[in-house]
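Read through the structure below, which is laid out as structure tokens, and then see the notes.
In this chain, numbering begins with 1 at the start of the sequence shown. Everything numeric here is computed off the predicted structure, so don't read it as measured data.
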Amino acid sequence: MESLGIQRVEALNYYVKNLERFRRFFTDRLGFAEVGRSSKAMDDQGGQMSAVFQAGNVTIVASQPLTDTCRAARWFRKHPEGVGTINFAVHDIDRVWNTLAKRGATFIQSSVQAFEVDGGTIRMFSITTPFGDTTFRFTERKGTDLLFPGMERFETPAGGHNPYGFSHIDHITSNFQTMQPMLLWMEHVMGFRRYWDVEFHTADIAEQINHGSGLKSVVMWDDDSKTKFANNEPAPPNFTASQINLFGDDHRGDGVQHVALVVEDILSTVKSLRAQGVEFMPTPGSYYDLLPERLVKLGVNQIDENIDELRELEILVDGDRDHSYLLQIFLKEQAGLFGDKEAGPFFIEIIQRKGDEGFGAGNFRALFESIEREQQASGRQ
């Protein structure tokens, strides 16, 4: 199917109830720079205030409601804090519009919106999606690098200077009660193709199973931009106990569970983040006891890292052949990091790829089991 001409995921719009709390975490703990904010005129017009945070090519726009009728306030009538819009930079906005119209997309605007800003133009539009209440926005810029109309860029960015080396977004993962409608939509409307899938249960399935839970996951991929969306749904038995289903309870619907950020040296990044007090999901020692044998079975003959150091930092490893593997780790959910249920179940993954462009079924299961342990500790399973 014809590609839309997506260049990359350029930003996430994240709705927050406490912008100052979000600012402190992303600038002080994660080393993001605050590069700009919405103008007073835009705040008054839109009824919400926004700040723009960047590290490498990772951009997050955090918006806090100022009125009861703004987009952020409408989000909070249904959900806790979370990703409300995924922004795509595109080559040709008219081509994207026309292609999506032929494929039956549902447009939020009646036409492409055009704005003259900063000596150039920004043209954009948004569509609804099957990702709960998360929308997709497509943007074309000519002669300006402003993220959105009404943004005021700071002369000197505030906060961090990306000391942990975040590069770009590797993938976005979302959870659904049932993901088949979304998979068909991603294929037939967005033009993505099926890239990878896995299915498992955290306990050996017996006739009268009364513990453990399972999931099905499918990754959709855009060939041009290499954009990847990983998508999960609960699997029986114990469907309601699945952490995918519990995400839906906490998020109050389908939506974005986490975003993976790429780094070049994950050991250094995680060591430094831990020194800053950033908390990660735990990995049991048994994972590292079994790791050498598992890598042999995967066909990964060599890794550069010392397993004892990986154990100490609780970094996961997976791969598929020779010297081709990936390393990853997951921060705690925002609700746990902030001690506030309304901060939501969203979390951040950190990933370093060393020749493996997949997802690692073993690590996928390790993450699933880690979230499950957290939920069991809180009495939810």
> Short question: side chain of Arg8, backbone of His168 - any donor-acceptor pair under 3.5 Å?
Replying inline: no
> So, Gln177 versus Asn245: side-chain donor-acceptor pair below 3.5 Å or not?
Replying inline: yes
> Quick one: does Asp118's side chain have a donor or acceptor within less than 3.5 Å of a partner on Gly120's backbone?
Replying inline: no
>> Any carboxylate oxygen within less than 4.0 angstrom of a Lys/Arg side-chain nitrogen, looking at Lys17 and Asp340?
In response: no
> Any side-chain donor paired with an acceptor under 3.5 Å for Ser324 and Asp356?
Replying inline: no
>> Tell me if the aromatic rings of Trp97 and Phe107 count as close, with their centers under 6.0 Å from one another.
In response: yes
> Between the main-chain N or O of Gly255 and the side-chain N or O of Thr134, is there a donor-acceptor pair closer than 3.5 Å?
Replying inline: no
> Is any side-chain N of the basic residue among Arg123 and Asp94 closer than 4.0 Å to the acidic one's carboxylate O?
Replying inline: yes
> Should we count CD of Gln7 as having more than 12 external heavy atoms under 6.0 Å?
Replying inline: yes
>> For a quick check under 3.5 Å, do Glu349 and His171 share a side-chain donor-acceptor pair by atom type?
In response: yes
> Quick one: does Val317's side chain get under 4.5 Å of Glu305's, heavy atoms only?
Replying inline: no
>> Any carboxylate oxygen within less than 4.0 angstrom of a Lys/Arg side-chain nitrogen, looking at Glu2 and Arg95?
In response: yes
> Is Arg141 reaching over with its side chain to a backbone N or O of Leu146, donor-acceptor style, under 3.5 angstrom?
Replying inline: yes
>> Donor-acceptor pair, distance only, cut-off 3.5 Å: does the side chain of Arg103 make one with the backbone of Val189?
In response: yes
>> Given Val259, which partner from the list Ile169, Ile60, Val83 fulfils the side chain to side chain contact (heavy atoms under 4.5 Å, CB included) test?
In response: Ile169
> With respect to Phe346, which candidate in Tyr14, Phe330, Phe338, Phe247 satisfies the ring-ring contact (aromatic ring centres under 6.0 Å, His included) definition?
Replying inline: Tyr14
> Between Arg77 and Asp68, does at least one N-O distance fall below 4.0 Å, as a salt bridge requires?
Replying inline: no
